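Shown next, in structure tokens, is the structure this report addresses.
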Amino acid sequence: MAKIRRNEKREMPALNTSSLPDIIFMLLFFFMSVTSMKEVTYKVQFQTPQATELTKLEKKSLVRYIYVGTPTAEFRKQYGAETRIQLDDVFAEKSDIGEYIINERSSMKEQDQGLMTVSIKADKETRMGVIADIKQELRRAYALKISYAATQRTNY
Amino acid sequence: MAKKVPQINASSMADISFLLLIFFLVTTSMDVNQGLARRLPAPIPPDQKIEDTDINKRNLMVVKINSANQLMVQGQLTDIKQLRKQVKDFVLNVNDDAYMPKLFEEDFGEPLGVQKYTKEHVISVQNDVDTQYQAYLDVQNELVAAYNELRDECARKYFHKGYNELEEDQQKQIQKLYPQKISEAEPKNYGGN
């Protein structure tokens with residue numbers, strides 16, 4: 001005979017939320033890894049110069065970067081300690097810049113091509129000869145919108 | 001029967017991790033790429049001869065940086081801190097000095113009205129091959145800062161607002177009054193190795 005429970009209170013069982021923190025943590029790690037992700041792995045080391053009249057680079061998809069600096073410790077043996085240029089993930093010569101810009105520009109949407117900005121991320125110790133060469137290459141490739149990457153100056 | 005260990009209340013764990021998540025979302029997106037925006041001149045076609053454009057001497061301000069990062073403005077050794085003021089004085093030419101750029105009068109439309117401005121002034125930056133990038137950028141920065149200050153002062157005078165808060169056509173009016181004319185020469189090797 002079935003036992004009839006009468007006076008026992010029937011409660012809604014509490015929802016098991018013990019896995020909620022884990023899910024959130026997963027989200028957290030996802031965002032941490034995605035947002036701080038660098039555009040490339042740096043093969044040159046540089047410290048950008050300081051300036052005050054800075055403008056933000058809008059629309060990251062329209063920006064291409066040229067890194068200029070001395071090779072990092074692991075590449076120094078192979079490439080020496082002279083100032084080198086890095087395009088995307090590889091070391092490049094200044095003669096490669098024109099081709100790189102043209103390739104990158106042709107991969108953009110047609111209406112965006114005129115808006116392409118080249119950001120020169122160069123070490124503050126770099127000699128201007130290198131920068132001037134890069135600028136000449138950019139002019140020849142008709143990449144006329146440039147931006148000298150810099151950090152906000154806090155003290156004079 | 002073994003005694004049961006009481007469970008730790010972990011319901012606030014989710015809140016804590018949410019906080020962390022939001023914190024990271026906010027801080028990482030703040031890291032934007034900043035830089036000094038400039039525009040390069042269009043390339044000269046190879047078949048075209050480089051001709052010396054005839055610029056009246058009074059309209060030209062020469063800023064030279066040598067390989068020791070020293071600054072020479074109009075033939076005089078100058079400190080970088082004075083450059084901004086010198087550029088502003090040069091562009092404005094309040095007293096209509098004979099050695100400063102020639103003034104032209106033009107109507108810039110309301111509310112600026114007829115203004116005198118140095119239409120043909122040019123600031124020429126020349127640097128050495130061995131100039132440090134930081135020194136070069138300091139000079140560029142001061143030049144841009146001088147123009148920005150001039151434009152902002154004008155905006156506050158006539159529109160009672162900062163230059164950045166103005167409408168696009170209002171900004172254009174002021175840009176016409178203070179056109180940014182910075183020319184860069186090909187790098188040369190002046191003295192010092």
Side-chain angles (χ1 to χ4, degrees), chain A residues 17-18 20-32 34-36 39 48-58 60 63 65 68 117-133 135-136 138-153 156, chain B residues 7 10-44 46 65 67 69 80-81 127-138 140-149 184-189:
Chain A
T17 55
S18 59
L20 191 60
D22 302 57
I23 297 164
I24 308 299
F25 264 119
M26 255 173 61
L27 263 175
L28 172 67
F29 288 136
F30 170 72
F31 276 105
M32 271 173 73
V34 167
T35 49
S36 66
E39 306 93 42
T48 49
Q50 294 183 317
T52 52
E53 310 298 310
L54 300 177
T55 41
K56 281 180 190 170
L57 285 175
E58 314 272 337
K60 277 189 176 167
V63 182
Y65 299 90
V68 184
T117 309
V118 178
S119 174
I120 300 176
K121 289 193 170 191
D123 190 80
K124 57 183 180 184
E125 306 283 329
T126 313
R127 299 282 149 203
M128 274 311 291
V130 184
I131 308 284
D133 287 341
K135 273 159 62 184
Q136 288 303 321
L138 290 177
R139 274 178 71 185
R140 250 171 248 148
Y142 265 94
L144 302 180
K145 266 182 83 169
I146 61 166
S147 164
Y148 301 111
T151 43
Q152 189 72 40
R153 184 193 290 280
Y156 220 105
Chain B
Q7 265 197 348
S11 58
S12 58
M13 191 71 157
D15 304 55
I16 295 166
S17 40
F18 254 125
L19 266 172
L20 267 172
L21 171 67
I22 289 159
F23 171 71
F24 270 100
L25 273 175
V26 171
T27 48
T28 48
S29 61
M30 262 163 66
D31 178 46
V32 278
N33 283 306
Q34 290 183 317
L36 195 69
R38 305 284 311 124
R39 203 174 172 83
L40 295 173
I44 307 159
I65 323 162
S67 56
N69 303 334
I80 182 88
K81 284 170 191 157
N127 59 269
D128 191 89
V129 178
D130 274 330
T131 306
Q132 230 181 45
Y133 184 47
Q134 172 75 65
Y136 169 79
L137 208 69
D138 279 341
Q140 289 280 344
N141 187 53
E142 288 304 306
L143 298 182
V144 175
Y147 280 110
N148 284 351
E149 273 183 23
E184 287 180 63
E186 308 281 312
K188 284 176 221 154
N189 212 339

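Here is how names work: the chains are called A, B, and so on, in the same order as the sequence lines, proteins then strands, and each is numbered from 1. Only a predicted model underlies this, so the values are computations on that prediction, with no experimental measurement involved.
- Between atom CD of residue Glu142(B) and atom NZ of residue Lys81(B) there is a gap of 10.0 Å, rounded to the nearest 0.5 Å.
- A 4.5 Å side-chain heavy-atom check between Arg153(A) and Asp138(B) finds at least one atom pair inside the cut-off.
- Neither the backbone nor the side chain of Ala141(A) comes within less than 4.5 Å of any heavy atom in chain B.
- Among residues at least two apart or in separate chains, side chain to side chain donor-acceptor pair (under 3.5 Å) pairs with a member in residues 122-131 of chain A are Glu125(A)-Gln132(B).
- Proximity to chain A (any heavy atom under 4.5 Å) is shown, for Leu20(B), by both the backbone and the side chain.
- When the candidates Leu20(A), Thr55(A), Asp22(A) are compared by the number of heavy-atom contacts under 4.5 Å with chain B, Thr55(A) comes out ahead.
- Using a 4.5 Å cut-off between heavy atoms, Leu27(A) touches chain B through backbone and side chain atoms alike.
- Judged as a ring-ring contact (aromatic ring centres under 6.0 Å, His included), and not counting sequence neighbours, Tyr133(B) has no contacts.
- A heavy-atom distance below 4.5 Å is not found between the side chains of Gln152(A) and Gln50(A).
- With chain B as partner, the option from Ile120(A), Leu138(A), Ile23(A), Ile131(A) having the largest number of non-hydrogen pairs under 4.5 angstrom is Ile131(A).
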